[in-house]
Structure formats: structure tokens, C-alpha cells
Protein chains: 2
Amino acid sequence: MDTTQRTDQQRSADRRRRELLEAADRVVLRDGPQASMNAIAAEAGITKPILYRHFGDKGGLYAALAKRHTDALLDSLRAALDAPADRRERVESTLATYLAAIEARPQVYRFLMHPAEGSTGGDHGFDVGKHSAPLLRRMGEELAQVIEERVDLGPESQQLARVWGHGIVGMMHAAGDWWLGERPCSRAELVRSLADLLWGRLAAAGDKVGGPGF
Amino acid sequence: MDTTQRTDQQRSADRRRRELLEAADRVVLRDGPQASMNAIAAEAGITKPILYRHFGDKGGLYAALAKRHTDALLDSLRAALDAPADRRERVESTLATYLAAIEARPQVYRFLMHPAEGSTGGDHGFDVGKHSAPLLRRMGEELAQVIEERVDLGPESQQLARVWGHGIVGMMHAAGDWWLGERPCSRAELVRSLADLLWGRLAAAGDKVGGPGF
DNA sequence: AGTGCGATGTTACTAGCGGTAACAAGAGTC
DNA sequence: GACTCTTGTTACCGCTAGTAACATCGCACT
């Protein structure tokens with residue numbers, strides 16, 4: 001039968017694909033997101049057309065690469081987010097997990113967030129339009145779902161949860177990006193400061209001397 | 001004297017530079033951030049080397065272009081941020097100003113946030129490393145300064161203000177990006193939801209039925 | 001055996017990019 | 001008139017993403 005044959009072939013192709021992805025990973029981690037297809041092919045010990053047969057174009061390869069890392073990060077975030085602890089604790093541990101991840105592998109992080117969008121060759125540049133940083137979107141949606149499941153927000157809870165999901169993820173991302181560049185404080189301090197912000201300390205704090213009119 | 005002469009020449013060069021920037025603006029707004037130097041030169045009615053004499057390389061041109069828009073946006077944000085009103089009002093009007101700006105000119109916004117980082121030609125690709133989105137950084141620092149000037153945060157206020165500045169800007173950015181893509185609600189609703197988040201509604205809300213253990 | 005077929009791999013190429021060198025021409029100064 | 005500075009050009013380099021055409025191995029089928 002050709003079913004078993006096709007299965008064998010497909011399995012072999014899948015293994016090859018994984019090997020190629022691992023090679024691409026090494027190159028991207030070494031050369032940054034602007035790693036060339038030639039360099040990736042060389043690292044894998046083959047030549048360009050094979051890469052194109054497997055992934056279509058550069059965008060396809062990058063999307064496959066990003067999906068792997070995104071899935072891994074989201075898994076660890078989910079674990080922190082769904083832990084049986086009180087809300088503040090869960091928020092802090094999620095923040096800490098994210099920050100630890102980007103601290104441990106900053107190149108992966110940069111690749112996921114700024115994946116070298118401007119493909120220059122020809123008109124076949126992969127459509128960057130909306131998919132600028134899929135990881136952020138996915139994290140936002142994920143968080144929104146958790147919020148909506150577990151927090152009582154009254155009517156319009158779904159919409160509010162989505163706004164908050166994307167907003168909180170953006171806060172975490174921007175603060176993490178800045179922190180990674182300047183390292184102005186420890187990770188624990190950053191986590192506490194952000195959690196304090198989410199816990200309404202901005203509203204609770206008083207005005208500074210000089211009055212609100214100035 | 002050659003002082004007046006040089007002044008004349010410089011003024012003429014500056015005018016030319018401004019014209020070139022406006023042409024580049026038109027092309028970037030039409031073709032997106034991956035607009036080619038050839039296209040920009042053609043739009044300006046000249047050829048490439050002139051662009052390179054004025055701006056050094058593509059990164060220089062993009063930086064000059066970004067600075068113009070960034071300055072303009074920051075000016076209007078500062079106005080909202082420094083208005084003589086109470087804190088919540090100021091926060092809401094700043095959020096509204098930002099969202100109105102990105103809604104009015106989404107292409108400008110995309111250019112500022114995702115400026116086609118991966119320059120492919122040669123090794124002279126402009127160093128994207130840390131300067132991924134200078135606008136976000138500048139906004140974060142600006143906001144941090146305002147917070148530190150006007151809000152009483154006790155000791156370590158400076159560091160806390162900077163974390164919050166970058167965090168809030170990131171929240172605004174991510175939520176705005178998502179909102180611009182999906183338009184799930186009106187601008188006013190988004191502003192209120194985000195302000196509610198900053199005002200601690202996440203901490204104040206109760207758990208949903210099912211208990212915190214689930 | 002031989003014959004086809006589908007995957008794997010190569011070399012050699014195109015078109016377009018960022019960036020530069022070399023050269024031509026106008027304008028003001030001595 | 002010669003000298004210099006700025007503005008502009010054409011023609012090129014090395015690189016990129018992506019493709020076409022050809023070679024080759026393994027396997028099934030008759």
C-alpha cells in the first residue's frame with residue numbers, strides 16, 4: 001500500500017524539517033534575526049533550494065522557528081498563570097517567569113519580538129502587515145482568557161478582559177525590554193514595581209508638594 | 001566673508017534636506033517601511049547618491065524621518081500630560097491623545113514602531129541592536145519624568161517612576177496596536193478600560209465563582 | 001532484469017537591494 | 001581664466017531572496 005509508504009516518507013521529511021529548524025536556530029541565535037538563508041543552509045550542511053522546498057520562503061522558515069519558541073514560552077507562562085495561588089502571587093510569578101525567560105535567552109527574545117521584517121528581495125516579502133509580533137498577540141489573548149475565566153468583572157467582562165490582557169502583556173514587554181537593556185534593578189524589584197502598578201498604587205499615591213495645578 | 005556664504009549654503013542644504021525628507025515621507029507612507037532608497041530618490045526627482053550624501057545611509061534617513069514624527073507626537077502628548085487637571089483626567093486625556101494619533105495616521109505609526117530593521121545589504125546594516133523602537137523609549141522616559149515630578153511615591157521614587165513610565169507606555173502601545181487591528185470597541189471605551197486597569201480595578205475585583213483554587 | 005516516479009540534492013542563474021567610485025557641470029572667489 | 005565647492009549623474013560592487021534546470025538515489029511495479 002502506498003499509505004505506509006507515504007507515512008514513512010512523511011516521517012523522514014518531518015525529521016529532516018526538525019533538523020533544519022535546529023540548524024536555523026543555531027544561526028539565528030548566533031547572527032541575529034537578519035541571518036541569511038545561505039548561512040542557514042550552510043549550517044545545516046545543505047544548499048538553499050532545500051530550505052525553500054521545506055519552508056516555502058524566508059517568512060515560512062521564520063514563522064516555523066518562532067512558533068517553536070513561542071509555544072515553549074507560552075507553556076511555562078501558562079503554568080505560572082494557572083497555579084493554585086492567590087491573584088497577586090500568580091501575577092508576580094507570571095511576571096517573574098517571563099522576565100527570567102527573556103533574561104536567560106535574550107537573542108531568542110529579540111528574534112521573537114523583532115523578526116527582521118523588511119524582506120528586501122522582490123515583491124514576495126512575507127506580509128508583515130498585522131503579524132508584526134505574533135507572540136505578543138498570542139500572550140495577550142491567552143492572558144485575556146485567564147482573566148475572563150477567573151476574575152469577576154461584571155458586565156462587559158469579556159471585552160474588558162481582552163483590553164487588560166493585551167495591556168498587561170504590553171506593560172510586561174515594554175518594561176522587560178527596557179530593563180534588559182539598562183538593568184537598573186534586580187528582577188525581583190522590577191516584578192514588585194510592576195505588580196504595585198497593577199495593584200493601583202498610581203491611584204493611591206498622593207500628589208507631590210507643589211499642588212495638582214502645577 | 002565666508003561666514004555669510006556658509007550660512008547661505010547651509011540654509012540651502014537644510015531646505016533641500018527638508019524637501020528630501022518630505023519626499024521620503026510620501027514614499028514611506030505609500031509603500032510602507034520597506035520603501036527602497038531608489039524609490040525615495042525617484043520620488044524626490046533625483047538619484048541615490050544624493051540621498052546618501054545627505055543622510056549617510058538608510059538608517060540615517062529613517063532616523064531623521066522618525067525624529068520628525070516622534071517629536072510631533074511627543075509634543076501633543078506633553079500637552080495632555082501637563083494639563084492642569086486631576087490625575088485621572090490627565091491619564092485619560094493622554095491615552096486618548098495617543099490613540100487618536102495612531103488612529104489618524106496608522107502608517108506613520110507602523111513606521112515608527114516597526115521601522116524595517118533588517119537591512120540586508122553588506123555588513124553596513126545600521127545597528128538595530130538596542131534602538132528597536134526609539135519612540136517607545138523616549139515616551140517611557142518622558143512619562144517617567146512627569147510621574148516623578150508630580151506623584152509622591154516615597155523613597156526609591158525615581159526608580160519606581162521609570163519602571164512605571166516604561167510599563168504604562170508599553171501598555172498603551174500594545175493595547176493600541178491590538179485595538180487598531182481589531183477595532184473591538186470605541187476609543188473612549190478603550191481609554192476607560194485602560195484607566196480602570198491603572199486604577200487598580202484588577203486588584204479590587206472579586207474572584208469568579210469556582211473559587212481561587214480552580 | 002528494466003522502467004518509471006518521487007524525493008533529495010546540486011549548480012547556475014535572475015532581479016533587486018544598499019552603498020560607492022568616478023566623472024560632469026554650474027556658481028562664486030581670487 | 002584657474003580653483004574650489006556643491007550638486008548631480010552613470011556605472012558599478014557585493015550581497016540578498018528566490019528559481020529553473022539538471023543529476024542522482026531508492027523504491028515500487030510489471
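Letters A, B, ... are given to chains in the order of the sequence lines, protein chains preceding strands, and every chain is numbered from 1.
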Exercise. Side-chain donor or acceptor of B:R53 under 3.5 Å from a matching atom on the base of C:dG19?
Worked result: no

Problem set entry | A:R18 bridged to A:E22 by N-O distance under 4.0 Å | no

For this session: Assess whether atom CZ of A:R138 is packed by more than 12 heavy atoms of other residues, nucleotides or ligands within 6.0 Å.
Result: yes

Problem set entry | Protein-nucleotide distance (A:L61, atom CG; D:dG18, atom P), rounded to Å | 10 Å

Exercise. Roughly, in whole Å, what's the span from CG in A:D57 to P in D:dT16?
Worked result: 17 Å

For this session: Quick one: list whatever passes salt bridge (Lys or Arg N to Asp or Glu O under 4.0 Å) with A:R187, sequence neighbours left out.
Result: A:E103

Exercise. For the pair made of CG in B:N38 and C1' in D:dC12, what is the distance, rounded to whole Å?
Worked result: 13 Å

For this session: Measure the distance from CD on A:Q34 to P on D:dT16 and round it to the nearest whole Å.
Result: 11 Å

Taking only distance into account, with no hydrogens and no angle test, what donor-acceptor pairs under 3.5 Å do side-chain atoms of residues 36-48 of chain B form with protein atoms, sequence neighbours excluded?
residue, atom, partner, partner atom, Å
B:S36, OG, B:N38, N, 3.4
B:S36, OG, B:A39, N, 3.0
B:E43, OE1, B:R30, NH2, 3.2
B:E43, OE2, B:R26, NH1, 2.5

Seminar exercise, completed: Of the listed D:dT16, D:dT19, C:dT20, the closest approach to the A:S36 side chain comes from D:dT16

Exercise. For the rings on B:F111 and B:Y62, is their centre-to-centre separation under 6.0 Å?
Worked result: yes

Problem set entry | d(NZ, B:K58; C1', D:dC15) in whole Å | 14 Å

For this session: Figure out the CZ/C1' separation between A:R15 and C:dA7, and round it to whole Å.
Result: 15 Å

For this session: Please list residues of residues 41-51 of chain A whose heavy atoms come under 4.0 Å from any atom in DNA chain C, ordered by number; otherwise none.
Result: A:I46, A:T47, A:P49, A:I50

Exercise. Separation of B:M37 atom CE from C:dG18 atom P, in whole Å?
Worked result: 7 Å

Exercise. Does B:R17 have a side-chain nitrogen or oxygen under 4.0 Å from the phosphate oxygens OP1 or OP2 of D:dT6?
Worked result: no

For this session: Please check if atom CD in A:E182 has more than 12 non-hydrogen atoms from other residues, nucleotides or ligands closer than 6.0 Å.
Result: yes

Problem set entry | Nearest-angstrom distance from the residue atom OH of B:Y52 to P of D:dC13 | 17 Å

Exercise. If you measure from CD1 on A:I168 to CD1 on A:I147, what distance do you get to the nearest 0.5 Å?
Worked result: 4.5 Å

